[in-house]
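Written below as structure tokens is the structure these notes are about.
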Amino acid sequence: MITIRTIENIKLGALITKINGIYAILLGIAYIAFFEMMIQEVFKTIGDSWGFFDRYNPIIGFLIHKQVILIGLLVIAMGICIVYLSSDISRRKEKMPWIVLFVIGITFWSSFLTIEIFNKNWYVAIPATIGWVSFIVGMLIPIKYYIEKPDAVY
């Protein structure tokens with residue numbers, strides 16, 4: 001049975017995940033904007049100097065530049081996907097977009113957080129933790145409705 005409280009929970013969860021998607025977009029933009037700092041953090045982890053490496057091995061240096069920018073673009077793309085699915089959930093309140101959002105969001109935030117922890121890049125790992133926790137909160141608020149909701153019969 002759908003109550004007003006259930007609808008409010010669905011809308012609140014969708015709003016939180018939509019804000020989470022906007023947060024991911026902004027995090028991806030910051031990742032690209034501060035790519036020099038991101039590269040230096042990665043090289044600090046392996047104990048090498050980025051300037052020395054970039055000067056004497058420019059081909060691999062270019063690939064690392066490209067990798068950091070592609071990671072930022074991936075974060076932006078995942079943020080757009082989260083915003084789109086959250087908007088779809090708030091409009092239609094169906095089970096399938098919620099499941100897709102759950103799988104995509106959990107996979108994205110946990111893998112992004114794990115990679116940044118392995119890189120020891122705390123400048124990104126802490127915001128990624130905030131994003132992961134806020135996504136989990138946005139998913140847990142309406143979970144009772146989606147678990148109890150029967151699938152549509154065609």
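Computed from heavy atoms alone, side chains included, the values below leave out hydrogens, waters and symmetry copies.
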Is there a path of hydrophobic side-chain contacts, each under 4.5 Å between heavy atoms, that joins [X] and [Y]?
| X | Y | result |
| --- | --- | --- |
| Leu74 | Ile80 | no |
| Ile22 | Ile29 | yes |
| Met37 | Ile71 | yes |
| Phe62 | Val68 | no |
| Ile25 | Leu70 | yes |

[Y] backbone acceptor or donor facing [X] side chain under 3.5 Å:
| X | Y | answer |
| --- | --- | --- |
| Thr107 | Ile104 | no |
| Asn20 | Gly131 | yes |
| Tyr31 | Met38 | no |

Taking it one step at a time, do Arg91 and Asp88 satisfy side chain to side chain contact (heavy atoms under 4.5 Å, CB included)? CA-CA 5 Å; Arg91 277 194 314 262; Asp88 194 44; 3.4 Å; yes
Looking at every non-hydrogen atom in both residues, tell me the closest pair between [X] and [Y] and how far apart they are.
| X | Y | value |
| --- | --- | --- |
| Ser87 | Ser90 | O-OG, 2.9 Å |
| Trp98 | Met139 | CZ2-O, 3.4 Å |
| Lys18 | Val83 | O-CG2, 3.6 Å |
| Ala125 | Ile117 | CB-CG1, 4.2 Å |
| Trp132 | Ser110 | CD1-N, 3.9 Å |

Distance (rounded to the nearest 0.5 Å) between [X] [atom1] and [Y] [atom2]:
| X | Y | atom1 | atom2 | value |
| --- | --- | --- | --- | --- |
| Met78 | Leu27 | CE | CG | 13.0 Å |
| Glu116 | Thr114 | CD | OG1 | 10.0 Å |
| Ile10 | Leu15 | CD1 | CG | 13.5 Å |
| Ile99 | Ile89 | CD1 | CD1 | 10.0 Å |
| Leu113 | Thr129 | CG | OG1 | 4.0 Å |
| Ile141 | Ile136 | CD1 | CD1 | 12.0 Å |

Checking Ile76 against Ile32 for the side chain to side chain contact (heavy atoms under 4.5 Å, CB included) test, could you report, in this order, the C-alpha distance in whole Å, the side-chain angles of both residues, the deciding distance, and whether it holds? CA-CA 10 Å; Ile76 292 169; Ile32 293 172; 3.9 Å; yes
The test is side chain to side chain contact (heavy atoms under 4.5 Å, CB included); show your working for Leu12 and Ile16 and say whether it passes. CA-CA 6 Å; Leu12 179 62; Ile16 291 172; 4.1 Å; yes
For Glu8, what residues pass the salt bridge (charged side-chain N to carboxylate O under 4.0 Å, His left out) criterion, not counting sequence neighbours?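 Once residues adjacent in sequence are excluded, the partners of Glu8 under the salt bridge (charged side-chain N to carboxylate O under 4.0 Å, His left out) criterion are Arg5.
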Quick check on Phe35: does its CZ atom have over 12 non-hydrogen neighbours (other residues, nucleotides or ligands) under 6.0 Å away? yes
Go through the structure and list residues passing ring-ring contact (aromatic ring centres under 6.0 Å, His included) with Phe112, not counting sequence neighbours.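 Phe108.
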Evaluate Phe135 against Leu101 for side chain to side chain contact (heavy atoms under 4.5 Å, CB included), listing each step before the verdict. CA-CA 10 Å; Phe135 184 82; Leu101 177 63; 4.0 Å; yes
